[in-house]
Amino acid sequence: MRAIVTGGGTGGHIYPALAIAKGLQSHFSHTEILYVGTNHGLEADIVPKANLSFQAITVSGLERKLSLSNLKVFWQAWQGYREAARIIQNFRPDVVIGTGGYVCGPVVLAAARRGIPTLIHEQNALPGITNRILSRVAKGVAVTFEDSVQYFSNRDKIAVTGLPVRPEITESHRREALKALGLDEERLTLLVFGGSRGARRINQAMVEVIQHYGNQPAIQIIHATGQAGYQEFLDAAKDRGIELDKYVNIIIKPYLYNMQEALAAADLVVSRAGAATLAELTVLGLPSILIPYPYAAENHQEFNAKALADRGAAVLIKDAELTGATLIAELQKIISNENRLRNMSLASEKLGRPEALDDIIKCVEKILPRQ
Ligand SMILES: CC(=O)N[C@H]1[C@@H](OP(=O)(O)OP(=O)(O)OC[C@H]2O[C@@H](n3ccc(=O)[nH]c3=O)[C@H](O)[C@@H]2O)O[C@H](CO)[C@@H](O)[C@@H]1O
């Protein structure tokens, strides 16, 4: 089986594509995977680290208003289409799978035009523009939420599968993960990150949180600032007189390439409310404090977060209300109440979709020509 997977820009599109690639590798014998992305998306960094072949094409997003730079984007899209067509011609895939982001457009279109079976996966309840367009030509459409079915015209090809998480995330174990991270088994572990690109607002609040919990014996913290916010975070901590290297219970990283270990070690998570993150939290039954990114298209992160908060799996803090003090107060309420932590964890587990990856592999089987 030869498959091209494509999806890019942010982790929310890339990790589901990686999960599907790994699912294909373990389901079909002799699977060869090629990941097609762009050189300026996070995928150029993440995919080679996952030991998959990677090729880049030229493409960028449209601005919403008509402008000269949009003309350049159309030209790039045409170039990207020709590059995608060439890659497809050389690789000769049996199937092409897209998980959203602009890069999927030319790749899935070029494959569909050549009669190659194509499947797209939508992570959010409100489908992205690329997937809405591609759903017209794709042979199959897998969606995370029942709610998104209404946005697609051809309902026969839609399957509600949930969002696939990377297999290593469900296969990691707490004890080994804590050991690998150099953390203590007796302490409560708090994992904090702001989606795949980090979140400045969360980083700002975390400076105070870290000062509050630094060297406290009962807790340890892993905080990913995002690549772009790392230096700013270190500077802000320094300005506050915090000497991070004196805290034995705090790990600060720009990015967690070993998220499976961080999640396995965690007892409680503070994060944005992107769809891939929430699928990972619920598949592991992790309780969380969610701060939805308020500028995500049509405020979809707030809807994502509410789905968990309304069922008792998470506490929601609005971005505008987030400060170091509000975060510490919420953390204290949860940490000091073991029962609450356990109930949140049970509620979270109920929302998990561990079968999502298998269901997507079934969708792939369905669109392949019969042998
Ligand atoms: C601002 C915005 O519009 N964000 C969107 C983007 O979020 P974003 O790209 O942040 O994606 P998600 O929050 O859904 O997922 C982040 C992914 O990155 C991983 N990770 C994160 C940090 C780190 O250090 N290491 C690491 O591995 C997480 O484990 C997760 O797999 O795509 C999601 C899925 O389409 C949408 O729901 C989000 O609304």
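Ligands are counted one by one from 1 in listed order, and the atoms in each one are counted from 1 as well. No hydrogens, no waters, no symmetry mates; every other heavy atom, side chains included, goes into these values.
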TODO: For atom CD of Q150, decide whether the heavy atoms of other residues, nucleotides or ligands shown that lie under 6.0 angstrom number more than 12.
DONE: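 Enclosed: over 12 neighbouring heavy atoms sit under 6.0 Å from CD of Q150.
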Open item on the list: If you count every heavy atom of other residues, nucleotides or ligands that lies below 6.0 Å from F303 atom CZ, does the total exceed 12?
Closed with: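 Count not over threshold, so no.
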Considering heavy atoms of the protein only, find what lies nearest to [atom] and give residue, atom and distance to 0.1 Å.
atom: atom 28 (C) of ligand 1; answer: E280 OE1, 3.5 Å
atom: atom 26 (C) of ligand 1; answer: Y255 OH, 3.3 Å
atom: atom 39 (O) of ligand 1; answer: H300 NE2, 2.6 Å
atom: atom 12 (P) of ligand 1; answer: T277 OG1, 3.5 Å
atom: atom 19 (C) of ligand 1; answer: Y15 CE1, 3.3 Å
atom: atom 1 (C) of ligand 1; answer: Y293 CD2, 3.3 Å
atom: atom 3 (O) of ligand 1; answer: A296 CB, 3.9 Å
atom: atom 4 (N) of ligand 1; answer: Q301 NE2, 3.5 Å

Strictly below 4.0 Å, N to O, side chains only: are [X] and [Y] in salt-bridge contact?
X: D319; Y: R272; result: yes
X: R353; Y: E355; result: yes
X: E280; Y: R166; result: yes
X: E83; Y: R86; result: no

Task: From A297, S196, P292, G274 - option closest to atom 8 (P) of ligand 1 by heavy atom - done: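 Closest candidate by heavy-atom distance is S196.
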Open item on the list: Can you check which of A199, G12, G7 brings a heavy atom nearest to atom 11 (O) of ligand 1?
Closed with: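 Considering heavy atoms of A199, G12, G7, the nearest to atom 11 (O) of ligand 1 sits in G12.
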Task: Contact check, R197 vs ligand 1, heavy-atom distance below 4.0 Å - done: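 No, R197 has no heavy atom closer than 4.0 Å to ligand 1.
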Task: Sub-4.0 Å atoms of ligand 1 with respect to non-hydrogen atoms of A224 - done: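 Answer, ordered by atom number: 24 (O).
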Open item on the list: Tell me whether the rings of Y295 and Y293 are parallel (<30°), tilted (30 to 60°) or perpendicular (>60°).
Closed with: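 Rings of Y295 and Y293: perpendicular, as their planes differ by over 60°.
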Task: Residue among T99, T144, N131 satisfying side chain to side chain donor-acceptor pair (under 3.5 Å) with E122 - done: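 Answer to the side chain to side chain donor-acceptor pair (under 3.5 Å) test with E122 among T99, T144, N131: N131.
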Task: Proximity to ligand 1 by part of N124, non-hydrogen separation under 4.0 Å - done: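 Side chain only.
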TODO: Using a 4.0 Å heavy-atom threshold (strictly under), name the region of R166 that reaches ligand 1: side chain, backbone, both or neither.
DONE: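 Only the side chain of R166 comes within reach of ligand 1.
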Geometry only, no angles: is [X] polar-contacting ligand 1 at N/O separations under 3.5 Å?
X: L256; answer: yes
X: T10; answer: yes
X: A275; answer: yes
X: G11; answer: yes

Open item on the list: Rounded at 0.5 Å granularity, tell me how far CD in Q216 sits from CG in L188.
Closed with: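 If we round to the nearest 0.5 Å, Q216:CD and L188:CG are 11.5 Å apart.
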- [ ] State the OH-CD1 distance between Y213 and I250, to the nearest 0.5 angstrom.
- [x]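 Output value for this atom pair is 10.5 Å.
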Task: T38 and E43: side chain donor to acceptor below 3.5 Å - done: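 Distance-only check passes for T38 and E43.
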